[in-house]
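Single-structure report; data block below.
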Amino acid sequence: MIITPRYRFALTQYGIAVSQMRENLVAGEKGLNDALIACLLVVCFECIQGNYFSALTHVVSGHKIFKDWLDSNNKRLKTNASPTFQRNSFSDTIVEDELVTAFNRMDLQIMNYIDPRPASIHMEMKNEGEEIVQHMPDRFTSISESRSYLELIQRRTSHFIASTAGMYPAPENGSSTRTTRIATGTETGTVTIHSESETLLPSTAPPELRIEYSGYVNELSRWFKAFAPLFESLIEGTRDWSAAAVLYIEAQTHQVMLLSSFSYPLDAFFPTYRAVVDLAEKISDDHLFAQDDLYTFDMGIVNPLRLVAKWCREPTIRRKCIMLLRKTRCKEGLWDALCMAAVSEWQMQIEEECMDENGVIPEGARVRTVDLKVDNWKRSLVIKCARLGTGEIRSTVIEW
């Protein structure tokens with residue numbers, strides 16, 4: 001990377017911002033609002049530069065500060081029938097409403113990326129907003145209302161899944177490890193993560209856990225029913241329709257993650273994969289994606305597409321998914337579409353080595369990532385994957 005005067009100026013201002021953020025944290029609650037804003041800006045700066053694991057470190061640290069403030073002030077989401085329940089629940093606090101929403105979304109990004117937090121944190125947070133979900137309307141009246149409830153349900157179910165990590169041994173035909181080693185040049189560590197390709201809750205799980213799981217499945221089902229009339233009323237191709245379509249594919253892939261975490265095999269969701277890819281193709285036609293170096297703070301279609309590319313072993317759907325990642329070529333939150341396209345294609349090639357004459361890839365041929373070494377300056381990474389059935393390790397260098 002060439003260090004231009006403009007880039008050097010940006011780095012200088014970035015250093016000043018980080019220094020000011022530390023001063024605000026020392027000031028306690030008085031400077032908390034400014035410190036949280038600065039944290040968001042730092043995360044955006046790191047993501048735009050491609051320093052995703054550095055951004056993850058700031059995301060995790062920032063969310064911990066936010067959560068500590070919630071705990072110390074006993075601020076939790078309370079029952080409220082309003083579509084803007086998050087705003088109304090925190091309107092009397094020193095932290096602005098938009099920051100509450102932003103950090104709740106950061107919590108979701110952590111769980112969708114690489115979550116280094118212990119199961120105890122997830123056990124504590126999985127019940128947040130329980131009363132709000134119980135009062136979810138039968139029919140949504142706006143996209144913002146739909147999004148608020150979906151994000152709350154996603155956080156609840158993701159914390160539930162993560163809280164079970166390590167509770168049971170890996171399946172007999174699966175990898176014996178649930179850890180991924182991350183090396184970024186400045187920080188190296190081993191974190192326990194939920195692998196989206198492995199069943200976490202066996203059929204022998206205790207009845208109380210099965211009941212809890214069914215409750216989360218029901219929440220998501222209710223969301224789909226409340227969302228359907230609104231989505232069907234929108235005109236395809238409009239910006240509102242595209243926004244609603246993004247919510248729909250996020251909900252669809254999240255439902256796959258939830259259902260497959262208990263007993264449903266990933267190959268049972270081919271209709272869902274096809275629907276997600278078809279919708280994503282229509283969304284990608286929006287001129288918004290024609291912009292170079294597009295970056296958005298929130299998740300959108302990149303994470304759903306990389307999940308489908310990872311889960312779906314049907315060659316046509318999978319290749320279309322990778323093509324769409326290259327077409328959008330954007331950065332959303334912690335996700336880089338071009339990087340995910342390269343990783344997905346390499347993993348697909350490894351799994352298809354075991355494809356039989358009928359085009360079937362056995363379950364044991366699936367791979368999962370066990371080691372990453374990232375070079376942010378060269379925009380490259382060394383990735384190692386393990387085949388679930390045999391434990392065979394494969395590695396390559398990917399540039400994007």
Side-chain angles (χ1 to χ4, degrees), residues 63 67 70-71 76-79 104 107-108 110-136 149-180 190-225 250-269 272 307 310-311 363-364 366 368-370 386 388-389 391:
H63 189 269
K67 183 180 179 300
L70 288 179
D71 294 339
R76 289 295 174 191
L77 296 178
K78 298 178 174 59
T79 303
N104 281 331
D107 178 36
L108 193 56
I110 296 170
M111 288 184 284
N112 275 269
Y113 199 66
I114 296 175
D115 197 336
R117 298 173 297 183
S120 58
I121 295 294
H122 302 295
M123 188 69 70
E124 175 187 348
M125 298 187 69
K126 67 180 181 179
N127 296 318
E128 182 176 357
E130 183 173 5
E131 294 182 42
I132 290 176
V133 175
Q134 291 175 357
H135 291 80
M136 182 169 58
Y149 279 102
L150 176 61
E151 289 175 344
L152 176 57
I153 292 171
Q154 285 178 304
R155 294 204 317 275
R156 285 170 50 78
T157 54
S158 294
H159 282 300
F160 166 70
I161 293 172
S163 70
T164 67
M167 188 178 295
Y168 300 95
E172 291 182 1
N173 65 335
S175 171
S176 61
T177 178
R178 297 189 191 279
T179 61
T180 297
T190 301
V191 297
T192 301
I193 62 172
H194 162 47
S195 175
E196 300 108 345
S197 295
E198 298 176 23
T199 299
L200 291 182
L201 305 177
S203 57
T204 55
E208 57 271 20
L209 196 60
R210 296 171 64 90
I211 293 173
E212 186 177 6
Y213 162 81
S214 298
Y216 291 115
V217 172
N218 181 59
E219 289 180 9
L220 197 51
S221 296
R222 287 173 53 213
W223 184 90
F224 276 110
K225 291 179 181 178
E250 286 183 351
Q252 287 279 12
T253 51
H254 192 79
Q255 186 176 54
V256 172
M257 185 181 296
L258 177 61
L259 295 178
S260 66
S261 72
F262 196 84
S263 59
Y264 289 83
L266 287 169
D267 287 342
F269 298 98
T272 299
L307 286 173
K310 178 178 181 179
W311 292 332
E363 185 67 23
R366 289 189 183 274
R368 60 155 306 203
T369 304
V370 295
L388 297 184

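In terms of heavy-atom proximity, Gly129 sits nearest to Leu152 at O-CD2, 3.8 Å. Here the shortest heavy-atom pairing between Arg156 and Glu219 reads NH2-OE2, 2.6 Å. Closest approach of Ala119 and Ala162 over heavy atoms only: CB-O, 4.3 Å. Of all non-hydrogen atoms in Leu266 and Trp311, the two that sit nearest each other are CD1-CD1, 3.6 Å. Taking every heavy atom of both residues into account, Met123 and Ser163 meet most closely at N-CB, 3.8 Å. Of all non-hydrogen atoms in Asn112 and Leu108, the two that sit nearest each other are ND2-O, 2.9 Å.
Counting heavy atoms from C-beta on, the side chains of Ile153 and Met136 come closer than 4.5 Å. Contact of the Glu212 side chain with the Lys126 side chain is registered, since non-hydrogen atoms from C-beta on lie closer than 4.5 Å. Residues Arg117 and Ile110 have side chains in contact (heavy-atom distance under 4.5 Å, counting atoms from C-beta outward). No side-chain heavy atom of Thr157 sits under 4.5 Å from any side-chain heavy atom of Met257. Annotation: side chain of Tyr149 is in contact with side chain of Ile132 (closest heavy-atom distance under 4.5 Å). Asn127 places none of its side-chain heavy atoms less than 4.5 Å from the side chain of Phe160. Between His122 and Asp115 there is a side-chain heavy-atom pair separated by less than 4.5 Å.
Summarising the geometry, atom CZ belonging to Arg368 is positioned 7.5 Å from atom NZ belonging to Lys310; distances are rounded to the nearest 0.5 Å. From Asn104, atom CG reaches atom CD of Gln154 across 12.0 Å, with rounding to the nearest 0.5 Å. Separating the OH atom in Tyr213 from the CG atom in Leu259 is a distance of 4.5 Å, to the nearest 0.5 Å.
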Side chain to side chain contact (heavy atoms under 4.5 Å, CB included) between Val256 and Tyr264, intermediate numbers included = CA-CA 9 Å; Val256 172; Tyr264 289 83; over 6 Å; no
key: Stepwise side chain to side chain contact (heavy atoms under 4.5 Å, CB included) check, Thr272 with Thr253   = CA-CA 8 Å; Thr272 299; Thr253 51; 5.9 Å; no
Steps toward side chain to side chain contact (heavy atoms under 4.5 Å, CB included) verdict (Met111, Ile161) = CA-CA 10 Å; Met111 288 184 284; Ile161 293 172; over 6 Å; no
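Side-chain atoms of Arg222 come within 3.5 Å of backbone atoms of Val133 as a donor-acceptor pair (strictly under, hydrogens ignored). Formation of a donor-acceptor pair under 3.5 Å by the Arg366 side chain with backbone atoms of Gly389 is not found in this model.
Under 4.0 Å is where a charged nitrogen must lie from a carboxylate oxygen, and between Lys67 and Glu128 no such pair does.
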